[in-house]
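All residue numbers refer to positions in the sequence shown, counting from 1.
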Amino acid sequence: MRYINFEDTGDAISDEVFMKEALKEAHIALEQDEVPIGAVIVSKNRIIGRGHNLTERLNDVTAHAEMQAFTAAANYVGGKYLHDCTLYVTIEPCVMCAGAAYWTQISRIVFGARDEKRGFSVFGSQLLHPKTTVISGILAEESATLITSFFRNKRAQ
């Protein structure tokens, strides 16, 4: 696990910086022929959890990028709640991941591209903890292009 600490800069780090880190995780998934979705969890401008899809490698439908990042972050903080943390994920979380986010009580979710078919917002925002704020569209084009080209290549095979 690598940690990036930006605390020394004295400046607020933009959501775009951390979304780029989530995109790096998505590229790792792509290299492993996994659905290219990546996630990082940040607390106090420090990455405390990273994840990318591992569903194929682990033969586990629950091994989504967000779930991997939640586990890493919970291990880092030594507890199941991720108060004052932000989840950055390249694609809108699915219902399962939104439910897990609810239970972590994460403060913010920032995602890139919407998932019009399976994203949690299709089913309503009631899936998230009432104190969780959501920001969408950060590096959406890069996130959408990565996943769209992945599935286009899969269909061509």
**Report entry** CG-OG1 distance between Leu82 and Thr104, expressed to the nearest 0.5 angstrom
**Finding:** 4.5 Å
Query - Joint hydrophobic cluster, Trp103 plus Leu87, side-chain heavy atoms closer than 4.5 Å - result: no
Query - Heavy-atom donor-acceptor pair, Ser143 side chain to Thr90 backbone, under 3.5 Å - result: yes
**Report entry** Check: Asn53 side chain, Ala65 main-chain N or O, donor-acceptor pair, under 3.5 Å
**Finding:** yes
Query - Between OG on residue Ser121 and CZ on residue Arg114, distance to nearest 0.5 Å - result: 4.5 Å
Query raised in the report: Looking just at side-chain N and O atoms, do Glu92 and Ser136 make a donor-acceptor pair shorter than 3.5 Å?
Result: no
Report task. State the OG-CD1 distance between Ser43 and Ile48, to the nearest 0.5 angstrom. Result -> 5.0 Å
Requested in this report: First locate atom SG of Cys94, then atom CZ of Phe123, and finally report the distance between them rounded to the nearest 0.5 Å.
Outcome: 9.5 Å
Query - Short side-chain to backbone donor-acceptor contact, Thr148 and Thr145, under 3.5 Å - result: no
Report summary line: Sorted by chain and number, sequence neighbours left out, salt bridge (charged side-chain N to carboxylate O under 4.0 Å, His left out) with Lys154 holds for Asp33
Query - Aromatic ring pairing Tyr88/Phe18, orientation class (parallel under 30°, perpendicular over 60°, tilted between) - result: tilted
**Report entry** More than 12 heavy atoms of other groups within 6.0 Å of Asn153 CG
**Finding:** yes
Query raised in the report: Only one of His64, Glu25, Glu34, Gln68 clears side-chain hydrogen bond (donor to acceptor under 3.5 Å, both in side chains) with His52; which?
Result: Glu25
**Report entry** Salt-bridge criterion met for Arg50 and Glu21 (N-O under 4.0 Å)
**Finding:** yes
**Report entry** Polar side-chain atom of Thr132 near backbone of Leu128 as donor-acceptor pair, under 3.5 Å
**Finding:** no
Report task. Only counting residues at least two apart or in another chain, list the ones meeting side-chain contact (heavy atoms from CB on, under 4.5 Å) with Leu58. Result -> Leu54, Asp60, Ala63
